[in-house]
Amino acid sequence: MRCCRVVMAVECLLLLALVAALPRAAVAREYAAIFNFGDSLVDAGNLVVNGIPDYLATAKLPYGQTYFGYPTGRCSDGRLVIDFIAQELGLPLLPPSKARNATFHRGANFAITGATSLDTPFFQERGLGQTVWNSGSLHTQIKWFQDMKPSICNSTQECRDLFRRSLFIVGEFGGNDYNSPLFAFRPLEEVYTFIPHVVDSIGKGVEKLIAEGAVDLVVPGVLPIGCFPVYLSIFRKQPEMYGPKSGCIKEMNTLSWVHNVALQRKIVELRARHPGVRIIYADYYTPAIQFVLHAEKWGFLRQTPRACCGAPGVGEYNFNLTSKCGEPGAYSCEDPSNHWSWDGIHLTEASYGHIARGWLYGPFADPPIIGDRQQQS
Ligand SMILES: *[C@@H]1O[C@H](CO)[C@@H](O)[C@H](O)[C@H]1NC(C)=O
Ligand SMILES: *[C@@H]1O[C@H](CO)[C@@H](O)[C@H](O)[C@H]1NC(C)=O
Ligand SMILES: *[C@@H]1O[C@H](CO)[C@@H](O)[C@H](O)[C@H]1NC(C)=O
């Protein structure tokens, strides 16, 4: 309440009224729908709705084995963060937006594996056109969302009413934008120059959704990529480049960290520009680091960052680029629930469950989607 001492009482009352109005959506389980955007961390099958391409190992068992019993196109052994959130909020699992016979009145999942925040020309201009999939950037996904409107609401007013009662989850985006130069072995200094572009693009995406009537948005940051077997295997470093306790590549985690700081700054800016809109920063980074540093606390084995599903490869990471999870020669560990890393690139259902609960009830979201309601009961 320091504001009361420094501003006029009237202003302070206004502020209090605003603050009191904001947690409206925190009275949860009342969302009409959820609209989700993102990449392979939250793709619920968009890449495979037209059949499973041969090259796509992520659409083969053991993907899906833990929860669905069959591959769904989700890059995990089971549910993703978005699936847990939908279930906790009492909504059905969001159908992939490209599914032809699904109904989208309770929401849709526009996420698609390989998605970037930036559109392909950004990468082409930098000689990186080949390194992006162009499966559907954030802005392409928002176009898909706009194209869907006639099937979920009949008038501008009806659409706005629906979106006002909906939760929008915008990301994670950024991972694939940085993969593009990283996997082309561009110097880290060049990768850093992408950050403002990636973050601006996410900000623009959020504002497009606000313009459509969204008032409750979740914007996730990126994972600590230096802890992931794919990066640990490809980018071998001098011993002093690894965190002594984590075994992660420090400079790669710093890249993720700097992106997340820039994204949080962008969110502060967006909040100021859009009073009455709730914009939540959702943290993938902290829980993932905790899975590594305090594995036992989360029910995971304490070991080198190691994929559950994969084949022996470089180092002890159980990751082999030529024999990835779902490909010949790879196998799943006995118990995915005690591993945080599923395939060396994506997380296990167990991890996603922890992260989703941390976003819903804290401490991994600012503010938590629901708040501490659950913890009190
Ligand atoms: C939708 O289509 C898929 C694939 O064509 C099919 O397996 C599924 O049963 C259909 N669902 C409904 C509700 O018709
Ligand atoms: C749109 O209008 C039609 C006909 O009036 C109605 O049947 C349908 O339920 C409406 N759709 C939505 C999404 O409200
Ligand atoms: C990766 O897997 C391939 C095929 O299974 C195997 O031949 C190769 O030796 C493995 N690489 C490493 C570094 O273990």
Side-chain angles (χ1 to χ4, degrees), residues 39-41 43 47-48 52-66 69-78 113-114 130-133 175-176 178-188 191 223-253 255-256 288 291-292 295 300-351:
D39 59 19
S40 58
L41 294 188
D43 180 351
L47 199 60
V48 300
I52 296 172
D54 281 341
Y55 64 84
L56 200 66
T58 58
K60 302 193 172 103
L61 279 170
Y63 284 90
Q65 67 171 16
T66 300
Y70 55 90
T72 63
R74 286 173 175 78
C75 298
S76 182
D77 59 316
T113 298
Q130 256 85 67
T131 66
V132 287
W133 260 25
N176 290 316
Y178 303 124
N179 284 345
S180 162
L182 284 173
F183 290 140
F185 298 101
R186 295 286 175 87
L188 213 47
V191 184
L223 286 158
I225 59 173
C227 297
F228 281 70
V230 58
Y231 302 92
L232 286 160
S233 301
I234 292 176
F235 302 98
R236 316 291 309 282
K237 296 288 176 184
Q238 307 302 322
E240 67 274 12
M241 309 281 277
Y242 295 87
K245 286 206 209 97
S246 66
C248 306
I249 303 169
K250 288 186 281 188
E251 63 184 14
M252 295 204 135
N253 282 356
L255 173 72
S256 300
F291 299 160
V292 177
F300 298 133
L301 301 174
R302 170 167 290 286
Q303 55 189 0
T304 319
R306 186 181 160 79
C308 161
C309 180
V314 181
E316 298 162 38
Y317 309 120
N318 198 34
F319 185 88
N320 182 334
L321 255 190
T322 57
S323 207
K324 296 192 292 296
C325 184
E327 292 173 346
Y331 58 90
S332 169
C333 63
E334 220 155 83
D335 186 2
S337 77
N338 62 26
H339 283 66
W340 64 266
S341 175
W342 166 242
D343 59 4
I345 305 168
H346 310 97
L347 303 177
T348 54
E349 161 167 304
S351 304

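Indexing begins at 1, ligand by ligand and atom by atom, following the structure's order.
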**Item:** Thr322: numbered ligand 3 atoms lying under 4.0 Å from its heavy atoms
**Value:** 1 (C), 2 (O), 3 (C)
**Prompt:** For atom CD of Gln130, is the number of surrounding heavy atoms from other residues, nucleotides or ligands below 6.0 Å larger than 12?
**Reply:** no
**Message:** Check for me whether Gly329 has a heavy atom closer than 4.0 Å to any atom of ligand 3.
**Reply:** no
**Message:** My question is simple, although I want it checked carefully: is atom 9 (O) of ligand 3 less than 4.0 angstrom from any protein heavy atom?
**Reply:** no
**Message:** If the cut-off is 4.0 Å to any non-hydrogen atom of Ser323, which atoms of ligand 3 fall inside it?
**Reply:** 2 (O), 5 (O)
**Message:** Within the structure provided, determine whether Cys227 and Asn253 are in side-chain contact (heavy-atom separation under 4.5 Å).
**Reply:** yes
**Message:** Looking only at the side chains, is there a donor atom on one of Glu316 and Thr304 sitting less than 3.5 Å from an acceptor on the other?
**Reply:** yes
**Asked** Would you say Pro312 contacts ligand 3, with heavy atoms under 4.0 Å as the rule?
**Response** yes
**Prompt:** Under 4.0 Å from atom 14 (O) of ligand 3, is there any protein heavy atom?
**Reply:** yes
**Prompt:** Which heavy atom of the protein is the closest neighbour of atom 6 (C) of ligand 3, given with residue, atom name and distance?
**Reply:** Asn320 ND2, 4.1 Å
**Message:** Please give me the minimum heavy-atom distance between Ser76 and Leu347, naming the atom from each residue.
**Reply:** OG-O, 2.9 Å
**Request:** Kindly give the heavy-atom pair with the smallest separation between Ala311 and Ser323, and that separation in Å.
**Result:** CB-O, 3.5 Å
**Request:** Mind telling me whether Phe235 and Tyr231 have parallel, tilted or perpendicular rings, with 30° and 60° as the class edges?
**Result:** parallel
